[in-house]
J.: 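One structure follows; several queries about it will come next.
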Amino acid sequence: MLRQYLLPTLNNNEYMVLPESIGWYCDEPEHQVDRKVGTLNNFSIHFIISGSGYVEIDGKQFSLKRGDAFLYFPMQEQRYYSSHQDPWNIRWVHFYGSVLHPFLSEKGFYRHSLWNIQQMKPLEEAHEQLLLEAEENSFLHLSRLSTLTYTFLMEFMTNVVPRTSDRKQELDNRIHGLLPLMQSKACEPFELDYWAEQTGVSTYYFCRLFKRATQMTPMEFITLCRLQLSKQWLIDHKEMTIKEIALKAGYPSISYFNKRFLKHEGMTPTNYRELYPFKSQK
């Protein structure tokens, strides 16, 4: 099955990003692409929903499965193909924009071609919305088309990690798997030994793994979780004092709580509460 929509390339447009094509292949064992260097002048993201296939980089073959993705910059050589025994369901977006090269390069996306998606559903939904917009309206609503393409790109950028060796990937997955539990226990006393034990590594290695997987230290993550909760309590529980919220958030010292809050939010908890004189509506 092939579902795709092709759009004209609009030069000298005012948008950060626009799509050139959106689509997917499913149950097509003969699907194969072989483009020489300098052939295609746009970016492309492909991600695997199911099945398996292969991509070749510098003459080396890499096996791909659900959750894997690959990103091409303009003019790169492209060679990828489906498995005959287990044909892939692969989705893609080809896109372009004058500021994309420095934007993606600054974020480090030029360093890797292969990626692993942490959460598939948001990326699938963003892709489906973009494809439906193209099918229904072509390029008649460019602002919406650009917005949906940007949404897809942001879902990709914030939801992938470089694909590493199986061992490294396994350890990264352990860290990401711990995050919801760490978030739920963020206001309890933070015990590094306990979380390292859950991962099965030393405390030193846990900190290294956590930094690699999340781009922050374990304590930075805990702090963000605590501040997110305290902000909600400041608005929803006017009857609670700042000291009570500090204690509930895991800060016995109100001065330290104020210091952390000021550093991250640019104002004190009291000033933040004053911005919302009424309880938030849910």
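The residues of the chain are indexed from 1 along the displayed sequence. These numbers were taken from a predicted model, which means no experiment stands behind them.
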J.: What pair of heavy atoms forms the shortest contact from Ser230 to Phe261, and how long is it?
T.: OG-CE1, 3.9 Å

J.: Measure the spacing between CG of Asp236 and CG of Leu229 and express it to the nearest 0.5 Å.
T.: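 So the gap between those two atoms works out to 11.0 Å.
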
J.: Is the shortest heavy-atom distance from the side chain of Arg66 to the side chain of Met120 under 4.5 Å?
T.: yes

J.: Side-chain donor-acceptor pair under 3.5 Å between Thr268 and Thr270, yes or no?
T.: no

J.: How about Arg144 and Asn137: do any of their side-chain heavy atoms sit closer than 4.5 Å?
T.: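 No, side chains not in contact.
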
J.: Are Phe156 and Phe152 an aromatic pair, judged by ring center distance below 6.0 Å?
T.: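 Here the rings of Phe156 and Phe152 have centres that are no less than 6.0 Å from each other.
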
J.: Could you work out the complete set of other residues in the hydrophobic cluster of Val33, with links drawn between I, L, V, M, F, W and Y side chains under 4.5 Å apart?
T.: Leu2, Tyr25, Ile48, Val55, Ile57, Phe62, Leu64, Phe70, Tyr72, Tyr80, Trp88, Ile90, Trp92, Leu114

J.: Dump the intermediate steps for side-chain contact (heavy atoms from CB on, under 4.5 Å) on Met216 and Leu224, then the final yes or no.
T.: CA-CA 10 Å; Met216 66 182 85; Leu224 291 179; 4.0 Å; yes

J.: Starting from the C-alpha separation in whole Å, work towards a yes-or-no answer on side-chain contact (heavy atoms from CB on, under 4.5 Å) for Thr9 and Asn42.
T.: CA-CA 10 Å; Thr9 299; Asn42 55 46; 5.7 Å; no

J.: At their closest point, which heavy atom of Ser44 faces which heavy atom of His46, and how far apart are they?
T.: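 That closest heavy-atom pairing would be OG-CE1, 3.4 Å.
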
J.: Apart from Leu262 itself, what residues make up its hydrophobic cluster, given side-chain heavy atom links below 4.5 Å?
T.: none

J.: Quick check on the hydrophobic clustering: are Val99 and Tyr110 connected, directly or via other members, by side-chain heavy-atom contacts under 4.5 Å?
T.: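 Val99 clusters together with Tyr110.
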
J.: Please name the residue in the list Gln78, Gln76, Met75 that meets the side-chain contact (heavy atoms from CB on, under 4.5 Å) test with Leu40.
T.: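 One option only clears the test, and that one is Gln78.
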
J.: Rounded to the nearest 0.5 Å, what separates atom CD1 in Ile117 from atom CD1 in Ile49?
T.: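 Between Ile117 CD1 and Ile49 CD1, I get 7.0 Å after rounding to 0.5 Å.
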
J.: I need the Asn258 CG to Ile242 CD1 distance, nearest 0.5 Å.
T.: 7.5 Å

J.: Taking the side chain as every heavy atom from C-beta outward, state whether Ile245 and Pro269 have any atom pair closer than 4.5 Å.
T.: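 Ile245 does not reach Pro269 side chain to side chain.
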
J.: Is Trp24 close to Glu128 at the side-chain level, that is, under 4.5 Å between some pair of heavy atoms?
T.: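 Side-chain contact under 4.5 Å: yes.
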
J.: Check the pair Tyr81, Gln61 against side-chain contact (heavy atoms from CB on, under 4.5 Å), reporting the backbone distance first and the verdict last.
T.: CA-CA 10 Å; Tyr81 39 92; Gln61 183 189 75; 2.8 Å; yes

J.: Where does the angle between the aromatic ring planes of Tyr251 and Phe257 fall among parallel (under 30°), tilted (30 to 60°) and perpendicular (over 60°)?
T.: tilted

J.: Measuring from atom CG of Leu10 to atom OH of Tyr96, what distance do you get when rounded to the nearest 0.5 angstrom?
T.: 4.0 Å

J.: Could you give the distance from CD (Gln215) to CD (Glu220), rounded to the nearest 0.5 Å?
T.: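 Reported to 0.5 Å precision, the distance equals 10.5 Å.
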
J.: Taking atom CZ of Arg3 as the centre, report whether more than 12 heavy atoms of other residues, nucleotides or ligands fall under 6.0 Å from it.
T.: yes

J.: What's the shortest heavy-atom distance between Ala213 and Val161, and which atoms?
T.: O-CG1, 4.3 Å

J.: Test side-chain contact (heavy atoms from CB on, under 4.5 Å) on Met240 and Lys248 and set out the steps.
T.: CA-CA 10 Å; Met240 293 180 66; Lys248 188 175 181 180; 3.9 Å; yes

J.: Counting only pairs under 3.5 Å, give me each side-chain donor-acceptor contact of residues 183-202, with atom names and distances, residues two or more places apart or in other chains.
T.:
{"from": "Ser184", "atom 1": "OG", "to": "Leu181", "atom 2": "O", "distance (Å)": "2.8"}
{"from": "Thr199", "atom 1": "OG1", "to": "Trp195", "atom 2": "O", "distance (Å)": "3.1"}
{"from": "Ser202", "atom 1": "OG", "to": "Tyr205", "atom 2": "N", "distance (Å)": "3.1"}

J.: Assigning hydrophobic clusters by single linkage (Ile, Leu, Val, Met, Phe, Trp, Tyr; side-chain heavy-atom cutoff under 4.5 Å), is Ile45 placed with Tyr54?
T.: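 Result: no, two separate clusters.
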
J.: Do Leu6 and Ile22 belong together in a cluster built from hydrophobic side chains that touch within less than 4.5 Å?
T.: no

J.: Find the distance between CG (Leu275) and NZ (Lys231) and round it off to the nearest 0.5 Å.
T.: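 Leu275 atom CG to Lys231 atom NZ measures 10.0 Å (nearest 0.5 Å).
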
J.: Would you mind reporting whether Leu145 and Leu7 have side-chain heavy atoms less than 4.5 Å apart?
T.: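 Of all side-chain heavy-atom pairs linking Leu145 with Leu7, at least one is under 4.5 Å.
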
